[in-house]
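To start, the structure itself, in structure tokens.
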Amino acid sequence: MSAAQTAELNALSPLDGRYAGKVAALRSLLSEAALMRHRVRVEVEWLIALSELGLAELQPFSPDAQARLRAVVERFDDAAAGRVKAIERRTNHDVKAIEYFLKEQVRDDAELSSSSEFIHFACTSEDVNNTSHALMLGSARDQVLLPALAAIVDRLRRFAHELANVPMLSRTHGQSASPTTVGKEFANVVARLERARDAIAAVPMLAKMNGAVGNYNAHLAAYPELDWEAFSRRFVESLGLAFNPYTIQIEPHDYMAELFDAIARANTILIDLDRDLWGYVSLGYFRQRLREGEVGSSTMPHKVNPIDFENSEGNLGLANALLRHLAEKLPISRWQRDLTDSTVLRNVGVALGYTLLAYDSCARGLDKLEVDAARLEQDLEGAWEVLAEPIQTVLRRYGVPDPYEQLKALTRGRGITRDDLRAFIARLAVPEEVRARLLEMTPAGYTGKAAELARRI
């Protein structure tokens, strides 16, 4: 057994064990090593920006020196992360360890070594941390989560178009109701997820570089003549982030709460989808494609369980529990700073990991689905009572007395046949062309604009 397999078997979290392969795309973006790499990047870019500020004590770096500094970020690997961790064991401070690591990197560089005291200049740890977290979250959202969600939306859209004309009996309160089409039901989810996806994408990643309590105290003590707020804004925006001018020691994480709430809303829509599809599989509206060698039950050979939708639902629940805690906790800090956010933020990767795992399961389940047209038709043929709605509505137009009550007496709480309905229609005092139109109606044909709406999504 390989070392990797042993590590997976002994992992405390299933995200790093059983499901490690399915969430691998997030590991390079949200792991502790990734946080270290982003911290190194922020410190390097801050140092380079300072060198270009015209400070008498810090001359501009040559292009080669800038390239050497940025190479520290580019080659930051597990060995470098291990070195940072070793320094942290001595300092008991993770960001100070980054500063000392960078000082080691420039110690023997003739051009850079004299500038080492400008590494982490005027910064509080949270200047580096909040910027790093914003970069990490932006990358995870844009490179992994949104594409995974878009793939689900695209698959649902294809279902909506392909199955736009396939009629299906609706169920409200679990009881037979006005028919729809299979495609229209998928279109409903597409519309909801598109709005949710847009909300996730619209959240700006905020950051600050304003010192210990957000007032540029140390900056102005050292260089009172400089416009540090303008400089900090330019620096933050150069990283592709939005500048937050009003903070305490920490960037207050309100944007994180917006982002996590937005992801949780998308996840809730998918829970709804998972449960509906689970039910439709149970009704036989969908079959699931078989996989060679797969077993559905250890004792019942016939079973083909909707496990992908069940796994998706379960992991979405875990994700949302964490996302909602993050959204509720992170914007709260005692006075200017406490450390409760620090330990909680280390679980962002867990929350997004369960989200990605759930998206993967949902996508797998969708890829197995096949419509059972015969089963859909069978249900529709057994539900002639659903035509009570259109008939009583038409009768209202033509002034027939108590049309709702008449149809209620005929249909409520019991099934009726096509012949029962035709006999009722034959007795109605309505124009002959209206009677003919009512007699032509079938449950499968009573789908309104469902097909049009499905094709339009």
Side-chain angles (χ1 to χ4, degrees), residues 19 22 144-164 166-174 177 179-201 260-289 304-324 351-372 375-376 379 447 450-451 453-457:
Y19 304 126
K22 295 180 179 179
V144 180
L145 286 186
L146 285 177
L149 187 57
I152 292 174
V153 173
D154 288 345
R155 185 68 189 92
L156 295 172
R157 194 191 322 276
R158 290 199 301 275
F159 273 135
H161 294 166
E162 293 166 2
L163 305 172
V166 178
M168 181 182 88
L169 185 65
S170 292
R171 280 178 164 77
T172 58
H173 309 279
T180 182
T181 71
V182 179
K184 170 55 167 47
E185 298 312 295
F186 281 112
N188 293 340
V189 184
V190 171
R192 296 175 69 190
L193 285 176
E194 284 183 331
R195 290 184 68 249
R197 180 194 60 197
D198 291 347
I200 296 170
F260 298 147
D261 279 337
I263 295 171
R265 287 196 298 274
N267 290 354
T268 298
I269 295 167
L270 286 175
I271 290 173
D272 197 27
L273 173 67
D274 287 334
R275 290 178 179 176
D276 278 359
L277 289 174
W278 186 96
Y280 288 136
V281 169
S282 178
L283 289 174
Y285 287 2
F286 292 101
R287 295 186 300 268
Q288 297 177 97
R289 293 188 186 92
V304 185
N305 297 328
I307 57 172
D308 296 301
F309 299 119
E310 293 170 340
N311 286 341
S312 177
E313 179 185 344
N315 286 309
L316 288 167
L318 278 170
N320 278 8
L322 287 166
L323 289 166
R324 289 187 170 122
L352 299 188
Y354 279 116
T355 297
L356 182 62
L357 180 59
Y359 290 0
D360 178 80
S361 295
C362 181
R364 289 170 185 268
L366 292 172
D367 284 341
K368 291 180 183 178
L369 290 183
E370 291 180 338
V371 165
D372 190 332
R375 180 71 184 91
L376 289 165
D379 254 15
T447 57
L453 290 166
R455 287 191 297 269
R456 200 168 70 201
I457 194 72

Worksheet entry | Pairwise distance CG(L273) to OG(S312) - rounded to 0.5 angstrom | 8.0 Å

Worksheet item: With the threshold set at 4.0 Å, does a side-chain nitrogen-carboxylate oxygen contact exist between R158 and D154?
Response: no

Practice prompt. Could you tell me whether the side chain of L352 reaches within less than 4.5 Å of the side chain of I263, counting heavy atoms only?
Written response: yes

Worksheet item: Side chains of F159 and L366: closer than 4.5 Å at any heavy-atom pair?
Response: yes

Response to the item:
Heavy atoms of G365 and F309 approach each other most closely as C-CZ, 3.3 Å

Discussion item. Taking the side chain as everything from C-beta on, heavy atoms only, tell me whether L356 gets closer than 4.5 Å to K22.
Written reply: no

Worksheet item: Is the backbone N or O of I457 less than 3.5 Å from a side-chain atom of H161, with the two atoms forming a donor-acceptor pair by type?
Response: yes

Discussion item. Using side-chain heavy atoms (C-beta onward) and a distance below 4.5 Å, is L169 in contact with Y285?
Written reply: yes

Worksheet item: Is I269 close to V189 at the side-chain level, that is, under 4.5 Å between some pair of heavy atoms?
Response: yes

Worksheet item: Is the closest basic N to carboxylate O distance between R265 and D261 below 4.0 Å?
Response: no

Fill in: Separation of L453 CG from E185 CD (nearest 0.5 Å)
10.5 Å

Fill in: Minimum heavy-atom distance between A454 and A187, given as atom pair plus value
CA-CB, 3.9 Å

Worksheet item: R375 side chain to L283 main-chain N or O, any donor-acceptor pair under 3.5 Å?
Response: yes

Practice prompt. Mind checking the CG-CZ spacing from L156 to R192? Nearest 0.5 Å is all I need.
Written response: 11.5 Å

Worksheet item: For the side chain of T181 and the backbone of A164, is there at least one donor-acceptor N/O pair under 3.5 Å apart?
Response: yes

Worksheet item: Between the side chain of R289 and the main-chain N/O of D367, is any donor-acceptor distance below 3.5 Å?
Response: yes

Worksheet item: Taking atom CZ of R287 as the centre, does the number of heavy atoms from other residues, nucleotides or ligands within less than 6.0 Å exceed 12?
Response: yes

Worksheet item: Would you find a donor on one side and an acceptor on the other, under 3.5 Å apart, between the side chain of T268 and the backbone of A264?
Response: yes

Discussion item. Checking L369 against R155 for the side-chain contact (heavy atoms from CB on, under 4.5 Å) test, could you report, in this order, the C-alpha distance in whole Å, the side-chain angles of both residues, the deciding distance, and whether it holds?
Written reply: CA-CA 11 Å; L369 290 183; R155 185 68 189 92; over 6 Å; no

Discussion item. Restricting to non-hydrogen atoms, name the atom on P306 and the atom on V281 that form the minimum distance, rounded to 0.1 Å.
Written reply: CB-CG1, 4.3 Å

Item to complete: Using a 4.5 Å cut-off on heavy atoms from C-beta on, say whether the side chain of Y359 contacts that of L149.
Response: yes

Practice prompt. Taking all heavy atoms of P167 and all of L376, pick out the closest pair and write down the distance.
Written response: O-CB, 3.9 Å

Worksheet item: When rounded to the nearest 0.5 angstrom, what distance separates SG in C362 from CG in L357?
Response: 11.5 Å

Worksheet entry | Interatomic distance, I271 atom CD1 to D276 atom CG [nearest 0.5 angstrom] | 12.0 Å

Response to the item:
Rounding to 0.5 Å, atoms CG (N267) and CG (D272) come to a distance of 12.5 Å

Fill in: Test item: E162 and V371 side chains (from C-beta on) under 4.5 Å apart, heavy atoms
no

Practice prompt. Classify the angle between the aromatic ring planes of F286 and F186 as parallel (below 30°), tilted (30 to 60°) or perpendicular (above 60°).
Written response: perpendicular

Item to complete: Check D274, L270, L277 against E313 for a side-chain contact (heavy atoms from CB on, under 4.5 Å) and give me the one that passes.
Response: D274

Worksheet entry | Atom of P179, atom of S170 and distance for their closest heavy-atom approach | C-OG, 3.9 Å

